[in-house]
Amino acid sequence: MIDKHYDVIVVGGGHAGAEAAAAAANMGASVLLVTMNLQNIGQMSCNPAMGGIAKGQIVREIDALGGYSGIVSDKSAIQFKMLNRSKGPAMWSPRTQNDRMLFAEHWRLMLEATENCDFFQDMVVGLVEEAGEIKGVKTSLGLTIYARSVVLTNGTFLNGLIHVGDKNFGGGRAGEKASVGLTEQLRDFGFDSGRMKTGTPPRVDGRSLDYSKMIPQPGDETPGVFSYMSNSPLERQVPCHLTHTNEEVHDLLRSGFDRSPMFNGRIKSIGPRYCPSIEDKINRFAEKDSHQIFVEPEGWNTVEVYVNGFSTSLPDDVQFKALRSVKGFENVRFFRPGYAIEYDYFPPTQLKRTLETKLVKNLFFAGQINGTTGYEEAASQGLMAGINAVLNIRQQDPFILSRDEAYIGVLIDDLVTKGTEEPYRMFTSRAEYRTLLRQDNADLRLTEKGHELGVVTESRLKVLKEKERQTEDLVSFFKNTSYSFKEANEMLTAAGSAEVKQDDKLFKLLSRPKIRLEDMRKLEVVKTKIEGGDFSEEALTQLEVQVKYSGYIAKEKNNADKISRLEHVRIPEGFSYDSLKSLSYEAREKLLAIQPDSVAQASRISGVSPADISVLLVALGR
């Protein structure tokens with residue numbers, strides 16, 4: 001039935017699978033995306049939103065590398081917010097609320113418009129492997145489809161088990177069956193596997209809610225965009241709302257604990273630490289008498305509402321009674337109850353930093369199969385797996401992002417070096433160099449790299465080059481142009497900053513904590529430059545950030561450069577750690593298990609001491 005031999009087969013059509021297919025196809029490889037339901041490509045299985053703290057930076061990085069997540073998010077957005085504006089720019093994180101149906105539609109249409117990408121609806125139940133190398137996949141229809149590389153992005157579908165109170169049934173998400181067969185074969189290959197849990201809240205009828213009792217949560221007055229290629233921000237937005245649980249709600253929830261699979265032993269796997277279920281929250285934080293509930297619309301035209309903060313696996317009758325005691329939910333009608341889902345994952349220390357498995361050549365894992373949680377984390381892994389799958393079959397150097405180049409680099413390095421025993425979620429605190437890894441400069445960091453790989457178009461590169469030209473022009477102007485101290489003092493006094501006694505460079509003035517570019521535009525010399533130059537908002541943002549945080553940026557860059565020297569000290573594949581008698585026993589055990597590809601990666605392994613690194617450097621002739 002399918003007689004074509006593909007370069008890359010991507011298994012799964014979620015966020016990881018969609019980005020993997022797009023990346024590989026845009027590099028010129030022939031790609032087949034196999035998924036159980038073609039109608040659910042790019043499905044937002046949980047909340048209808050993209051981005052947020054650190055996650056927003058990841059979406060911008062995906063976009064800078066030619067991925068589709070940012071563009072799809074902008075096309076389907078119903079609200080935009082830049083989070084953490086009160087903090088420094090390293091913490092600013094974009095977030096969109098999205099129309100769930102539009103999001104999936106735009107993903108499907110963008111993939112269909114991608115040359116070299118084919119589709120097939122079926123369940124992959126096995127892999128074709130010969131002598132430790134992948135050769136293709138087997139499907140539930142009995143087909144064998146051959147490929148030079150396979151990317152597994154199975155999400156929560158591997159032996160998925162859904163729990164609603166004391167009821168449970170197989171499924172990958174509500175209304176869809178689980179994927180069976182792959183886990184068992186991968187174990188036969190020698191892979192270790194585990195179980196994880198995630199959950200989702202009830203979906204309710206917005207017509208049954210009393211929004212007058214809730215606090216409106218509008219989007220930004222001047223909304224932004226995710227994609228560096230988007231130039232049409234939202235003209236209108238849909239508000240979210242905020243309400244809270246109370247002691248009555250908590251008591252009603254506790255009444256169902258004896259029937260909760262989380263507390264009666266039915267669920268044995270570990271759930272996400274930073275997105276706990278409502279029953280977990282009231283159990284762990286018993287001293288709190290209320291918790292926030294964010295009421296999130298699912299789209300422009302639908303009345304379906306997502307109850308963010310009320311993730312639960314409690315019996316449906318308990319969910320219903322408890323939610324009816326939340327302010328504004330007194331007459332709520334359910335579309336569907338919340339549920340928990342257990343699924344198989346494979347500890348990611350079994351992967352190289354390319355996301356290729358160590359046990360089987362040309363087999364890649366991306367997304368929740370690696371123990372992560374979140375659309376953004378999954379999408380970034382899919383992008384990197386798709387790129388490296390193509391590079392691998394072409395026998396070209398792998399594409400690996402370091403920790404000072406991207407949050408994506410931090411994510412993958414954390415996974416393959418440290419592993420995870422609970423669903424991994426990205427935070428800004430996980431990045432040592434977050435002043436360098438801002439959402440505003442992801443294109444400056446990554447777009448040229450993407451162009452060299454073939455995933456970034458000439459038009460996108462042209463946009464980057466113009467932004468670079470404008471930014472360099474502005475920064476140079478501020479470094480080399482002086483202000484009149486008499487004119488400046490009027491502006492300084494109005495801004496509550498100390499006056500100056502002589503003329504000086506504009507750069508020095510903008511470096512002051514209380515002074516914004518908006519204040520500087522009151523100076524005639526600045527006003528004339530900016531108004532006469534037709535500068536983009538992106539370039540003006542770069543000017544302010546690069547001037548105001550120049551000292552911090554330089555310091556972090558210096559620290560990153562020191563570490564990168566160890567990144568360039570490569571460790572040969574199959575290096576004999578057993579021959580190094582001076583290594584500690586723990587270090588030898590960990591190094592053999594992880595098989596780091598550089599001394600820098602080795603230094604980040606728990607249990608490998610500075611003394612062990614010294615031994616390693618000597619052995620490598622350093």
Side-chain angles (χ1 to χ4, degrees), residues 56-57 59-61 63-66 70-71 73-75 77 80-82 85 88-89 92 94 96 219-237 438-451 456-484 487-488 490-492 494-495 503-512 515-550 553:
Q57 282 87 330
V59 175
R60 294 216 99 188
E61 289 175 355
D63 182 74
L65 285 167
I71 296 171
S73 297
D74 290 340
K75 284 177 178 287
F80 181 93
K81 269 190 176 182
M82 184 66 77
R85 274 285 193 184
W92 297 352
T96 55
D220 288 348
E221 281 188 28
T222 307
V225 290
F226 263 124
S227 177
Y228 292 98
M229 299 301 284
S230 296
N231 51 18
S232 53
L234 287 166
E235 293 182 4
R236 68 184 181 95
Q237 301 183 70
R438 307 182 309 276
Q439 58 83 31
D440 62 83
N441 71 346
D443 56 342
L444 298 173
R445 291 184 274 121
L446 300 172
T447 293
E448 283 199 71
K449 295 177 187 291
H451 185 259
V456 165
T457 61
E458 286 292 335
S459 59
R460 183 181 281 273
L461 185 67
K462 186 178 178 181
V463 170
L464 168 70
K465 290 300 181 183
E466 179 59 18
K467 175 179 172 179
E468 286 180 331
R469 185 196 66 76
Q470 290 186 16
T471 302
E472 287 167 9
D473 182 5
L474 286 165
V475 172
S476 176
F477 177 79
F478 269 67
K479 282 182 176 179
N480 297 310
T481 306
S482 298
Y483 58 83
S484 161
E487 185 187 16
E490 292 181 28
M491 180 268 289
L492 291 169
D503 297 355
D504 208 338
K505 302 300 182 190
L506 294 168
F507 191 98
K508 193 170 181 180
L509 208 57
L510 185 54
S511 298
R512 290 191 174 198
I515 303 303
R516 303 294 306 274
L517 182 58
E518 194 176 320
D519 302 315
M520 297 286 291
R521 293 176 82 157
K522 295 173 184 175
L523 304 180
E524 191 61 36
V525 66
V526 176
K527 181 181 177 184
T528 301
K529 175 68 176 177
I530 291 177
E531 290 182 0
D534 193 27
F535 295 103
S536 68
E537 284 301 317
E538 287 273 352
L540 293 170
T541 298
Q542 282 304 303
L543 166 67
E544 186 158 14
V545 171
Q546 289 187 26
V547 172
K548 200 166 283 296
Y549 294 90
S550 58
I553 292 170

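Between Val545 and Arg438, the shortest heavy-atom distance links the atoms CG1-NE, 3.3 Å. The two residues Gln542 and Leu444 make their nearest non-hydrogen contact at OE1-CD1, 3.3 Å. Across all their heavy atoms, Thr96 and Ser73 have their closest contact at OG1-CB, 4.0 Å. The two residues Asp220 and Met82 have their closest heavy-atom pair at OD2-N, 2.8 Å. What you find for Trp92 and Gln439 is that their closest heavy atoms are O-CG, 3.3 Å. Between Leu510 and Lys548, the shortest heavy-atom contact is O-NZ, 2.7 Å.
Of the inter-residue distances, the one linking Leu506 atom CG with Lys479 atom NZ reads 13.0 Å to the nearest 0.5 angstrom. Here the CG atom belonging to Asp443 is positioned 10.5 Å from the CD atom belonging to Glu448, to the nearest 0.5 angstrom. Atom CG of Leu523 and atom CE of Met491 lie 4.5 Å apart (nearest 0.5 Å). Note that CD1 of Ile515 and NZ of Lys508 are 14.0 Å apart. Values are rounded to the nearest 0.5 Å. Annotation: the span from Gln57 atom CD to Asn441 atom CG amounts to 10.0 Å, rounded to 0.5 Å.
With hydrogens and angles ignored, the 3.5 Å screen pairs a side-chain donor or acceptor of Thr447 with a backbone N or O of Ala64. Judged purely by atom type and a 3.5 angstrom limit, Ser550 uses its side chain to pair as donor or acceptor with the backbone of Val547. Panel note: side chain Asp63, backbone Tyr228; a donor-acceptor pair is recorded below 3.5 Å. Within the 3.5 Å criterion, the main-chain N or O of Ile71 finds no donor-acceptor partner in the side chain of Asp74. A distance-only check finds a donor-acceptor pair linking the side chain of Gln237 to the backbone of Phe80 [under 3.5 Å]. Under the 3.5 Å distance criterion, the side-chain polar atoms of Arg460 are left unmatched by any main-chain donor or acceptor of Leu65.
Partners of Glu221 by side chain to side chain contact (heavy atoms under 4.5 Å, CB included), not counting sequence neighbours: none found. Under the side chain to side chain donor-acceptor pair (under 3.5 Å) criterion, Arg512 pairs with Ser497, sequence neighbours left out.
The closest side-chain heavy-atom distance from Val525 to Lys529 is not below 4.5 Å. Here the side chains of Lys75 and Ser227 are not in contact, with every heavy-atom distance at 4.5 Å or above.
In the displayed structure, Asn480 atom CG is contacted under 6.0 Å by more than 12 heavy atoms of other residues, nucleotides or ligands. Counting heavy atoms of neighbouring residues, nucleotides and ligands inside a 6.0 Å radius, atom CZ of Arg85 exceeds 12 of them.
A side chain to side chain donor-acceptor pair (under 3.5 Å) with Gln470 is found for exactly one of Glu468, Glu472, Glu466, namely Glu466.
The pair Glu458-Lys465 fails the salt-bridge criterion, with no side-chain N (NZ, NE, NH1 or NH2) lying under 4.0 Å from an Asp/Glu carboxylate O. With salt bridges taken as basic N to acidic carboxylate O contacts below 4.0 Å, none links Lys522 and Glu490. The pair Arg60-Glu538 meets the salt-bridge criterion, with a side-chain N (NZ, NE, NH1 or NH2) lying under 4.0 Å from an Asp/Glu carboxylate O. Using a 4.0 Å cut-off between charged nitrogen and carboxylate oxygen, Asp440 and Lys467 do not count as a salt-bridge pair.
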Checklist entry - Do Leu509 and Phe478 pass the side-chain contact (heavy atoms from CB on, under 4.5 Å) test, and can you show the C-alpha distance, the side-chain angles, and the key distance before you say yes or no? => result CA-CA 9 Å; Leu509 208 57; Phe478 269 67; over 6 Å; no
Next on the checklist: Evaluate Ile530 against Phe477 for side-chain contact (heavy atoms from CB on, under 4.5 Å), listing each step before the verdict.
Outcome noted: CA-CA 10 Å; Ile530 291 177; Phe477 177 79; over 6 Å; no
Item to check | side-chain contact (heavy atoms from CB on, under 4.5 Å) between Thr222 and Glu537, worked out | outcome: CA-CA 12 Å; Thr222 307; Glu537 284 301 317; over 6 Å; no
Next on the checklist: Working note: Phe535 + Asp473, criterion side-chain contact (heavy atoms from CB on, under 4.5 Å); need CA distance, chi angles, decisive distance, verdict.
Outcome noted: CA-CA 10 Å; Phe535 295 103; Asp473 182 5; 3.7 Å; yes
